[in-house]
Each structure stands twice: as C-alpha cells, then as structure tokens.
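The structure appears right after this line, and notes come after that.
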Amino acid sequence: METATAYEFEVRARTIGQGYQARSFRLLGSDVTLSRRRFTQTLSLNIWDLSGRRRDRMLHDLTPLSGPDLYVSLYLRIEHDFGSWSTGSLVIDNRVFDAVDLIPELERGLVALDILYGYAAAEGLAGGWLDLYAGRLLDSDSLDWFDMDGVKARFHTPIGVSLAGFAGLRVRDSSPLASPTFEPDGTGSAECAEYVEGQNPGSGSWRPIDRQRPGDNRLFENDFDRCPQRDQIMPTFGGSVETRGFDWLWARLSYRRSMSPTPGLIGPVDRFEVADTGLYPDEVDQAPDWGVNEEFATASVRSNHRAFAGGGQITPHGAVRYNLLLGLIDQAHVGVRMRYRQSTIEPEIYYSFPSFDGDSILNVFSSQPYVDARITYDQALRDVPLSGYVRPWLRRFGVARDQRGGPGDSDNLAGGIHIGARYRRHGLLSAQVDLFHDSGYGGRRTGGYADAYWQTTRDTGVRVRFSTIYLDADLSQTLHPSSRKTTFAGQAGVTYRVAEGVVFHLVAEQNVSRLSPSQFRLLGVVDLAFVPEV
Amino acid sequence: MARAALLVGLSVALGWLLPVQRAGAGEQKGVSVRPVSPVIFPEQRIPLRFSHVRHLTSPAARLPGDRPLTCESCHQRARHSQSSLDNLIPAESACRPCHAIVRATAGDAGRMDTPAGDGRTPATRCVACHLGYDAARDHVPRVYIPVPNIKFSHARHADEGIACTGCHGDLAAENTALATRDQLPSMASCLSCHDGKRAPSQCTTCHLAGAGGRIQTHYTSGVLAPSGVLYGARHSIGFRTDHRAAAQNNRDYCQNCHRKSECVQCHNGSIKPWGFHQGDYVTSHAIDARRNQPDCGSCHRSQTFCTGCHSRSGVSSDRRGSQFDSADGALRFHPAGWADATIRGPDHHAHQAQRNIRQCVACHREQFCVRCHTAELGSGSGLRGVNPHPPDWARSRRCRALLARNRRVCLRCHIEPDEVRCAG
C-alpha cells in the first residue's frame, strides 16, 4: 500500500492592535493631540515540498535532498486605521473637511488589504539546473528591492554561474492589493495638475485635476485627488549573471528596466471650456507614448579569504549601481571586513546621489552626492557572553560648483560616534546599552538607549527600555523658538507564551519632551505560529 | 563617482592579492581555530577524571594481547554511527577489559566487581574516575552531554577515510587529558572538505533543517547565527540595525535561514521597529531625515509616507489641513530669503534641495516645486521661470539620458517642444 504523503506547511499570523498619540501643530490656538488607533493582521503562509521530496525526512537524518522542490509562499496584510488621525475632520476657512480628502496620502492607511508577495516556485527542475517562479515576486537587485507581478527563471550553468531573467508588471501603489511602499519614490499621489491647451499652441496652463467626483464624505476614500500617471501599469524586465558555488567569491551583474505608458485624456473631453490634452502638453505630439521609470545596471562583489594565520578573515565587498535614466552612478559602497578571532573591524564607504522615479522632476533638482565613511569595530568575549562595538562615522555632502569657496561651501559635514555593549545569556537574560553623539549638518544629538530583557519563567518574559536624547536640531523653525530639547522615552513590555505557537505581547510606551509633553502608546500583539516538526 | 568605482576595484583586488589562503584550504585538520558554537554543541558537564594522552601514550596502556589502544578501542560504536543522536561515550564496560572496578559504598566497602581486568592495571574505585562520587550515598555525578544540534554520520566520514584526528585533533600530540567541547570540530574545519566539490556545501548537509529546508536556528541552547566563517557576515551586536552591506551581497545566502516575511515585517512594517527607531523617534527623526541617514528610502516613500504624516500633523506647507506654513515672518518655518532668487547660500532652499532633496519632499509635494520652476511664464500667477537645472545641464549626460528615456518629465515644466532638448 502506498504511504500517504503530506506537505510541509507553515502558517504564521500576527495580530496587532495599537493606539498612540501624535501631536498636530497649530499656529492659532493650542496644538492638539491626534489619536491613532490601528489594527493590523498579517498572515505568512508557506506550503513547502509539494513534490514530496522531503517526505519522511527527520531533523537529524542525512537523507540527501534531490528532485525538484515545489512550494508556494504568501505574505498578506490587512490594515485599518480608525483613529482620529485619518478618519477625523479638519476645519479650513470655517469649512469642515474629512482629513483624508485634504491629505490623500492618508487614504492608503485607512483600510488596506495588501499582498506583499505571493508566488509559486519550482526549484531544481531539469536535473537541478532550472528554477522557476511566478506570481507576486519580491526580489532584490543588490542595491535595492522591488515587487513585481510576473515570472522569473534562473538557470544554473555547470561552470559556476547562474543566469536569471524576469518580466512582469512592477507593483506600485495603484496595483491590485499592493502596498504603497513599493511605489518608486518621487511622485506624489496628490496635487497633480492637468494640462489645458491654450488658444495658441504652447500657451496653455495646468489646472488641478478635477475627477468630477463629488465630495460625499466617503469614509475610506479620498474624494478629490488622483494622479493618473501613478495609475499606469509599469512593465518591468531584467536579468542577472551571478556566480554560484564559490565560497571565496560571490559576484553579480544585473540589469533592470521599468517603464509606463503616458496617460491620455482624463475624464470627459469637453469638461473644460478649452481643449485639454491630458496630463502633459501634447499639442504637437510632445508627449511620448512611454517613459522609463527606472533603469539600472548593478555590479556587486564579495570575496572571502582566510587570513591572520588561519585565525581570521578578510572580506572585501563592494557594489555600484549605474542609473541609465540619469547617466550616472547613483549608489555605491565599498568595504573590507577584517576578523581576527572574536574581533572585527570594518571600514566602509557609501556613496549616494539622490535619484527618483523617472516621472519625478526631483531628478533635476537633485545635483549633489554625499559620501559616508565609517569604521565599525566589534568585539565579543569568548568566555563571557559580552560583546561591544564602536562606530565613528563621517558624512560629507557635495557642494554645487558655483557655491564652492562661497558661503554655501560650509556646513557640509556631519559626523558622530556610536558605542554600545550587550550582555546576553542563552536568550534568558540580556541587557544592552547604546550611547551616541553626532553633530554637524542637520544638528547635534547626544543620548543613549538601555534595553533589558529577562525571561522570568519558561513562558514569560519582561522587557524594559529607556532612552534619553538631547537634541539641538538644525531646523530653521521659529514656531517653537527653541529647537533644543531633551526627550525621554520609557517602554515596558511583557511576553507570555500561552501555548506552543501562541504568544502574547503587551507593550506600553511613554514619550516626554518639551515639544510633546506626553505621547502615550499601547500595543498588543498576538503571534500564532503553526510550524510542524519535519 | 569614478573614485567610488575605483575603490570597489581596489578593495577587491587587495583582497585577492593579500597573502592569504582560500577559506578552509589552510585549515589545520582537526584543530579548532575558534571555539565551537554553544548552540550547535551545548554546554556539557563531564565530571570525570580521565586522560586521553595517558591512555594513548602510556606503555602500560595496552589491550589484552598487547595491542595498542586506539580511539575505537573505547569508542566502539563510533565507527558505525550514522546519527548525531547516538551516544558514543564509552560505557563502563569499555573500561573493564583493563580495569577491575571496585564498587566501594559505605556499607559494602571493598566489594570487587568482576571481571577483574587484565591484571596489569590496579583495581579501580569509582572515585578514581567519577569526580564528586559520594560513597556515603553511592551517588555518581552524571555525565551530561546534550545531543548536538547538527547532522553527523561518523560512519560516512570513516568510509571516506577520514581519521578521528582529522576532526578531533591528535589528542596525544596535543597532550589532551579530558576531551571536552574543545575537541569538537568547528565549522571552519568542516569547510575544509565541504567545499561543494569534495563534499557537499549545502547548509542543510550538516545543519538541521526546518520547514522549507531552511536552517533551524532556534534551540533551547540559544539562537544560531553565522559566525562569519563562510561569508564574513558575522551577526555581531550591531548587525540587526546595520546589515546593509551584507544584505546587498548574496541575499540567497541570507535566505538559508531567513524568510522574506522577516524582511518585510521590518522594512514594510506596520509597527515601529522597537530595536531600530528607539525611544521618542518622532521627535528626533528630523536630524536623520536631513542627513538621510540611515537611508529613509529603505522603508519609506517620501512622497506618500512622509508627506501624509507631515500634512496630518501640521508640519507641512500644503494648506490642506496643516497650518505649519505661514506668510507671517514671525511664525514662518524657513528663514527670510529662503526663496529669494537673488540670494544663494546655506539659507537658500536651492542649496538644501541640491544636497538632499529628500528632506524637502517630506513636507512639499512635487507640484509645489513646479509652481515656481515651471518654464511657462505666461500661465497662472506668481513667480515663474526660475531655472532649477544645474549649470551646464543642457550639455550634460544626465540631460541626454533623461530626455532619451523619459521626455514627459520635462513636460511638467516645459510646454514648447523647442525647450525640451539637450545641447549636442
């Protein structure tokens, strides 16, 4: 008789309820405290080994894994914000508006059902040479990551190199069941303007987009604003070449391109007294049919070498991204990690040129890169579960060519130091202290954090945190004349394991500062996990 | 830019040129160059008095028939063991061929157990080997050696011709008395053979696998984390908040232990990561935002997340609910002359925008910039035609690249087709 088979599956659900206060500034009258009440439910579902290859495999068994591995992986999130933060109203010029109508960005936070990723995978096809993935793929591209509804194939060659290719629709804010976090940054979901053709070609102007939707106080939806360019599909494709199987070298070259069509007319043609052409001027076919949103070529490398008479390692690593949309390198980093026994020192340099979605004019305004240098030293002790680190850093911002040597060629440095130590014993008791000081561009800050966790019983743990920070923010504000302030924050939490796979957390936090005399936060979490032993 | 690229190349070249050996290749077999993981091999209690070196080197330590002692003489099951679940510590029966054992208790002193050994070694009382033996209660402190959290087949390795000393070291040469966790192999020594060619290098070849084939990391003895031996990604104290470089290189390696859900819970989370944005971060975040350090874009979109929050809390200029902005000089956020086209320098917005425009767009939407920077002089009211392009923009590669790939972004400010072009 054939033995019954079962899939391996793993279900993790997290239910979060939180309420906290946030200050809203008022020029006239006293500031108000907005209440935020949020409910979040996440579900992580994995069904592994649909091919049954790991059947009967026990933890300590040595059964070799062979054959294709088929699985499904999904991460889903439901979120509802129902406090006065987003569902409250605002009074402007004696008229009452729903907050979400005035601030469209809040709309996504009101109520949302997001699938952050959800795909089916078949790894190890064709004798182990081919991997296939299809669905909503959350993928990484060395220096960033992106979400895509599409397919991906990866082929492992016999010469230690893997080739991958993918194509699909980039997940953006307007995609079905999508998180706005995956929208390429730089364009707004509000205050769009539509071009209206003038009497003479080239003499038109822009008007706020009128969706002709009456304000009807819809609870979960903004009644007025919408930016059509952000509603367009964004086809994406790319590929990569990556080393595989070398323990001393990992390297990757990749390319990715995302583009979107130009929206046409918005709404009825004759809703203005003069002709309109859509979001962009197009009287003489100026507007292209398509535009590129992102186009990157990225190279990454990491190498690993035994050193210091076998007692240590040297690991140089680096990555560089060429932004073809802007014709320049916009991200790079290089570093060398050197370890000797329980000590590690790692100098690193990061380079960044702020860049955005190709539809964003911010790409034009941004013209100076910044460079960040840091050295991290950490040390663990062999016989005592104690470790510590120190990290000095320096960031230098670029100065425009026409400002060099002038008044603008100053205040372009920021730097600081972080230092900390941790005692951790078998996860039953841990304590950590972090201290920091930084100064220069942006302001000055000195403070520290203290964190302690104690598992009091097999099923119960308590955690306390305390922090205090002295701030002297380099803000030009005059609303609150003194930007110097000291903040205090205290947290206390308890974790209780109700049963195997059922854990409850409760955390309370109180923040006190001159700017915000009291902001309280209460958070409750229920973690459910069903992870069968294999 | 060129410097950064050069540095990448130099660093990698430096790593290759240094007189170092490939990971694992120079490992002295059998010698742990670093302590073994307390998670893989949990702490042991071995209340025994025993000398391996004496048993291996003493002329008197011979088996009946004058055969020399070997590892297998005592660890008789090791050669055929196929699982780390097996208990390979010699039982008392392994001692008896040589040692007569005297079970001396308070009420029965001197009772001789049998067999009496080979006669060449003196009869031995319990306390001779069992430290802490309580004769009054006939209590023997137990040896406690937890099951290691790893897969291992002694038989498989023996079949490959690997001697005991290959992993455990030469206990005689190292003058080892009691063997402890120090004589267990570290991952570095395993990798000297498990290189993907001579032996499989897949993590779960040795590490216990959980659901989905990922390494099981949580044990009663602690949480398993990389030592850094393989890729240098040691999870040291600051790793959780500063893993950018490691994550940007070979994320497949990360996924040997981590699920994607762990990434999105922090990077696309709905709750403040308590270990990252510690304390009253809402009050202190402005300094980080001005420097973009850490990179806010790793989790947040400035034109939605930042503007939405700033609008609602009044720290904005959009006049759509926020009241932070004011034309009144006494209450205004930015300093006088902030938008004066005739003034340049640190107190002018252009200086800040060119440096890190991400800090600007936390409060201002894209359209806010267009109001002044549009090239269309005749439309609407207010200031127009302020050129935001960097010097020599029209001749720059950036102009050509952007125009070739996305001309419509130019149309946000320029109407006339003649204006939408680059030089050359």
(request) Measure B:His348 against the heavy atoms of chain A and call it side chain, backbone, both or neither at under 4.5 Å. (result) neither
(message) Quick check: closest heavy atoms across A:Gly398 and B:Arg355, and the distance to 0.1 Å?
(response) O-NE, 4.1 Å
(message) Is B:Ser201 in contact with chain A via its backbone, its side chain, both, or neither, using a 4.5 Å heavy-atom distance?
(response) neither
(request) Would you please test B:Cys309 and A:Trp85 for side chain to side chain contact (heavy atoms under 4.5 Å, CB included) and show each step? (result) CA-CA 9 Å; B:Cys309 193; A:Trp85 170 266; 3.5 Å; yes
(request) For chain A, find which of B:Val420, B:Leu402, B:Thr220 contributes the most heavy-atom pairs closer than 4.5 angstrom. (result) B:Leu402
(message) If you count heavy-atom pairs within less than 4.5 Å of chain B, which of A:Leu143, A:Thr262, A:Ile361, A:Thr315 leads?
(response) A:Ile361
(request) Dump the intermediate steps for side chain to side chain contact (heavy atoms under 4.5 Å, CB included) on B:Asn292 and A:Tyr370, then the final yes or no. (result) CA-CA 10 Å; B:Asn292 193 37; A:Tyr370 52 80; 2.6 Å; yes
(message) Counting heavy-atom pairs closer than 4.5 Å to chain B, which one of A:Thr376, A:Asp173, A:Ile16, A:Leu362 comes out on top?
(response) A:Leu362
(request) Check the pair A:Leu523, B:Trp274 against side chain to side chain contact (heavy atoms under 4.5 Å, CB included), reporting the backbone distance first and the verdict last. (result) CA-CA 11 Å; A:Leu523 182 139; B:Trp274 305 87; 3.6 Å; yes
(message) Could you report the tightest heavy-atom contact between A:Leu326 and B:Ala401, atom names first, then the distance?
(response) C-CB, 3.8 Å
(message) Could you measure the distance from the CZ atom of B:Phe305 to the CD atom of A:Glu183? Nearest 0.5 Å is fine.
(response) 16.0 Å
(request) Tell me, for B:Val361 versus chain A, whether the close heavy atoms (under 4.5 Å) come from the side chain, the backbone, both or neither. (result) side chain
(request) Using a cut-off of under 4.5 Å on heavy-atom pairs, state which of A:Gly186, A:Gly420, A:Ala193 scores highest against chain B. (result) A:Gly186
(request) Nearest 0.5 Å please: distance from the CG atom of A:Leu106 over to the OG atom of B:Ser311. (result) 7.5 Å
(request) Among the options A:Val284, A:Asp359, A:Thr187, pick out the one with the most heavy-atom pairs lying under 4.5 Å from chain B. (result) A:Asp359
(request) Tell me, for A:Tyr117 versus chain B, whether the close heavy atoms (under 4.5 Å) come from the side chain, the backbone, both or neither. (result) side chain
(message) Regarding B:Arg291 and A:Asp438, does a basic nitrogen lie under 4.0 Å from an acidic carboxylate oxygen?
(response) yes
(request) Measure distances from A:Ile469 to the heavy atoms of chain B and classify the residue's part below 4.5 Å as side chain, backbone, both or neither. (result) side chain
(request) Please state whether the side chain, the backbone, both or neither of A:Ala22 comes within less than 4.5 Å of a heavy atom of chain B. (result) neither
(message) Which one wins on heavy-atom pair count under 4.5 Å against chain A: B:Arg400, B:Lys260, B:Gln265, B:His300?
(response) B:Lys260
(request) Find the one option among B:Leu411, B:Ile237, B:Ile357 whose heavy-atom pairs under 4.5 Å with chain A are most numerous. (result) B:Ile237
(message) Tell me whether B:Arg398 forms a cation-pi arrangement with A:Phe353, defined as NZ or CZ under 6.0 Å from the six-membered ring centre and within 45 degrees of its axis.
(response) no
(request) Side chain from CB out, backbone as N, CA, C, O: work out which of these in A:Ser44 comes under 4.5 Å of a heavy atom of chain B, or both, or neither. (result) side chain
(message) What I want to check is whether the side chains of A:Asp372 and B:Gln293 have a donor and an acceptor closer together than 3.5 Å.
(response) yes
(message) I'd like to know if A:Glu105 and B:Arg301 make a salt bridge, using a cut-off of under 4.0 Å between side-chain N and carboxylate O.
(response) no
(message) Return the CD to CZ distance between B:Gln278 and A:Arg465, rounded to the nearest 0.5 Å.
(response) 6.0 Å
(request) Look at A:Ser352, A:Ser360, A:Pro369, A:Gly388 and state which one has the largest set of heavy-atom pairs under 4.5 Å with chain B. (result) A:Ser360
(request) Taking only Lys NZ, Arg NE, NH1 and NH2, and the carboxylate oxygens of Asp or Glu, determine whether A:Glu10 and B:Arg259 approach each other closer than 4.0 Å. (result) yes
(message) At a heavy-atom distance under 4.5 Å, which candidate from B:Asp295, B:Asp288, B:Val147 has the highest pair count against chain A?
(response) B:Asp288
(request) Below 4.5 Å from any heavy atom of chain B, which atoms of A:Gln491 appear? Answer side chain, backbone, both or neither. (result) side chain
(request) Using atom types as modelled and distance alone, determine if a side-chain donor or acceptor of A:Arg77 lies under 3.5 Å from a backbone N or O of B:Asn268. (result) yes
(request) List the atom of A:Gly358, the atom of B:Val409, and the distance in Å for their closest heavy-atom pair. (result) O-CB, 3.4 Å
(message) Closer than 4.0 angstrom, basic N to acidic O: yes or no for A:Lys485 and B:Asp280?
(response) no
(message) Minimum heavy-atom separation for B:Glu366 and A:Gly188, please, with both atom names.
(response) OE1-N, 4.1 Å
(request) Identify the two heavy atoms, one from B:Arg312 and one from A:Ser86, that lie closest to each other, and give their separation to 0.1 Å. (result) NE-N, 4.3 Å
(request) Cation-pi check, B:Arg290 to A:Tyr441: give yes when NZ or CZ is under 6.0 Å from the six-membered ring centre and within 45° of the ring axis, no otherwise. (result) yes
(request) Identify which part of B:Ala246 has an atom lying under 4.5 Å from any heavy atom of chain A, answering side chain, backbone, both or neither. (result) both
(request) Please flag which part of A:Leu138 lies under 4.5 Å from any non-hydrogen atom of chain B: side chain, backbone, both or neither. (result) both
(message) Whether B:Arg234 and A:Asp378 form a salt bridge (side-chain N of Lys/Arg under 4.0 Å from carboxylate O of Asp/Glu) is what I want to check.
(response) yes
(message) So which residue, B:Ala289, B:Gly238, B:Cys369, B:Gly222, ends up with the most heavy-atom pairs under 4.5 Å with chain A?
(response) B:Cys369
(message) Please classify the contact between A:Ser179 and chain B as side chain, backbone, both or neither, with a heavy-atom cut-off of under 4.5 Å.
(response) side chain
(request) Find the one option among A:Asn293, A:Asn363, A:Thr344, A:Val292 whose heavy-atom pairs under 4.5 Å with chain B are most numerous. (result) A:Val292
(request) Check whether A:Arg422 gets within reach of chain B through its side chain, its backbone, both or neither, counting any heavy atom under 4.5 Å. (result) both
(request) In sequence, state the C-alpha distance, the side-chain angles, and the governing distance for B:Tyr281 and A:Asn511, and then conclude on side chain to side chain contact (heavy atoms under 4.5 Å, CB included). (result) CA-CA 9 Å; B:Tyr281 192 71; A:Asn511 298 322; over 6 Å; no
(request) Output yes when B:Asp242 and A:Arg391 qualify as a salt bridge under the 4.0 Å nitrogen-oxygen rule, no when they do not. (result) yes
(request) Measure distances from B:Cys263 to the heavy atoms of chain A and classify the residue's part below 4.5 Å as side chain, backbone, both or neither. (result) both
(request) Could you pull out the closest heavy-atom pair between B:Pro390 and A:Val364, with the gap in Å? (result) CD-O, 3.7 Å
(request) Report yes if the distance between the aromatic ring centroids of B:His373 and A:Phe365 is under 6.0 Å, otherwise no. (result) yes
(message) Quick check for you: to the nearest 0.5 Å, what is the distance between B:Gln303 atom CD and A:Asp185 atom CG?
(response) 6.5 Å
